[in-house]
Structure formats: structure tokens, C-alpha cells
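Before any comments, here is the structure.
Letters A, B, ... are given to chains in the order of the sequence lines, protein chains preceding strands, and every chain is numbered from 1. What you see is a predicted model, and the numbers here were worked out from it, not measured in a lab.
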Amino acid sequence: MSLFSGLGDLAHLAAIFLLLQKMRKSRSCSGISLKSHLLFLLVYITRYLNLFWSFKSLYFFSMRIIFICSESYICYLILQNLRPTYDKRLDTFRSGYLLGGCAILALIYPIKYSVFGILWTFSIWLESVAILPQLFMLQRSGEAETITAHYLLAMCLYRGLYIPHWIYRLAIRQHVMLVSVFAGIIQTVLYADFAIVYRRTVLQGKKFRLPA
Amino acid sequence: DTIQSIKDEL
């Protein structure tokens with residue numbers, strides 16, 4: 001862990017908090033992609049499988065628990081309590097291709113040929129693209145509530161801050177995983193496009209709206 | 001090693 005990854009993790013927590021806050025206050029999940037959140041849930045489950053037998057520190061242990069629990073809770077809310085407000089007709093991204101593509105990449109080049117190694121690699125690739133159903137949904141509706149835009153920006157910061165973290169690790173000659181770096185860059189680029197629109201709209205006090 | 005550095009990140 002470094003200052004950058006610590007801040008990145010905090011941005012991730014902030015993103016989850018913002019999303020839950022929005023869902024709780026508005027009693028609605030309109031504009032939120034269930035598909036993206038199911039993918040994120042799969043990301044955390046496959047990555048943190050070793051949660052109970054590989055203890056590193058209280059920090060990592062509790063963050064992992066928080067990510068798995070909060071993501072399960074978000075999916076639960078969309079599927080149960082807030083189901084009537086879920087825009088199913090807008091959430092039509094074909095996530096099967098993402099799952100298939102990530103599975104193939106993980107099988108071809110896992111960090112280690114073991115169940116854990118393959119699942120971990122799968123989770124890294126899947127995380128990099130898991131937001132696509134959400135961005136696709138945004139593209140279809142053309143605008144987002146400001147708070148959804150805040151959520152996406154916080155998620156952009158999260159992986160974006162890992163990039164200086166990896167550079168720092170390289171600088172102090174610590175091991176860096178190439179897969180994480182590649183996937184992390186893809187992930188940040190996907191959000192960055194969105195962040196540019198965010199800067200032009202939300203930061204100028206306007207409603208988040210994609211250019212026509 | 002590889003698996004060790006996985007544990008350093010979320």
C-alpha cells in the first residue's frame with residue numbers, strides 16, 4: 001500500500017457511499033445499471049476468494065469485506081426494494097461478451113496456473129470493463145443525475161490513483177503486476193472520457209449531459 | 001513474489 005493506493009481506495013469507498021446515499025434518499029435506482037453492479041460483485045468475489053485464509057492486515061481484510069458486502073447490498077436493493085424504479089429497458093449491454101473475453105484472457109495468461117491465479121486475473125480484467133454497461137446506459141439516456149456523475153468520477157479517481165501507485169512501486173523496486181497495470185490503464189481511460197464531460201457540465205453547475 | 005504482491009493491493 002502507498003499513499004496513492006490508499007487515496008484510491010478511499011475514492012472507491014466514497015463512490016460506493018455516494019451511490020448508496022442516492023439510492024436511499026431518492027428511493028430509486030433509476031439510471032443505475034444492474035448489469036454493471038452484478039459484474040462488480042463477481043469481480044470482488046473472484047478476487048477476494050482468499051479472504052479467510054490469507055490475512056495480510058486488518059486494513060485489507062476490512063476493505064475486502066466492505067466491498068463484497070456493499071456491492072451485494074447494492075444488487076439486492078436494485079433487485080428487491082427498488083425494483084420498480086430499475087430501467088431494465090435501458091440496461092441492455094451484452095455483458096456476456098465481457099465475461100467471455102475476460103475468461104479467455106485469464107485462461108491464456110493468468111498470473112499463475114492455479115484456480116486462484118486464474119480467478120484473480122479474470123477479476124482484474126473484468127473490473128477494467130465492468131462499468132461498460134453503466135456507461136452504455138448513460139449513453140442511451142443521454143444524461144445522468146448529478147450524483148450518478150459524482151459516483152462515476154470517484155470510480156475514475158479510484159483506479160486512476162493506482163497508476164502513480166504502480167510507478168511509485170517501480171521506483172522503489174517493488175514487484176508490479178503487468179496485468180494490473182494494463183487493466184488499470186484501460187479502466188482509467190474508459191472513465192476518463194466520461195470525466196471530461198463531467199468537468200464541462202457538473203463542475204459548471206449544469207446537469208450532467210452527454211454531447212449530442 | 002507474485003502472489004505476495006497481490007496482497008498489497010485491493
Fill in the blank from the handout: Those residues at least two apart in sequence (or on a different chain) that pass salt bridge (Lys or Arg N to Asp or Glu O under 4.0 Å) with A/K112 are none
Problem - Most contacts with chain B, counted as non-hydrogen pairs under 4.5 angstrom, among A/F116, A/Y59, A/Y162, A/F60 - result: A/F60
Completion exercise
Under 4.5 Å to a heavy atom of chain B? For A/H12 that would be neither
Handout entry: B/E9 to A/H165 - nearest heavy-atom pair and separation
Key = OE2-NE2, 3.2 Å
Problem - Interchain contact, A/F67 with chain B, by part (heavy-atom threshold 4.5 Å) - result: side chain
Practice task
State, with a plain yes or no, whether a side-chain heavy atom of A/Y44 is found less than 4.5 Å away from one of B/L10.
Solution key: no
Practice task
Would you indicate whether the side-chain heavy atoms of A/R169 and B/D8 approach each other to under 4.5 Å?
Solution key: yes
Exercise for the section: For A/R83, look at atom CZ and say whether over 12 heavy atoms of other residues, nucleotides or ligands are found less than 6.0 Å away. Expected result: no
Handout entry: A/Y168, OH: over 12 other non-hydrogen atoms inside 6.0 angstrom
Key = no
Exercise for the section: Check whether more than 12 heavy atoms from other residues, nucleotides or ligands sit under 6.0 Å from atom CZ of A/F55, and answer yes or no. Expected result: yes
Problem - Atom group of A/S180 that falls short of 4.5 Å from chain B, counting heavy atoms - result: side chain
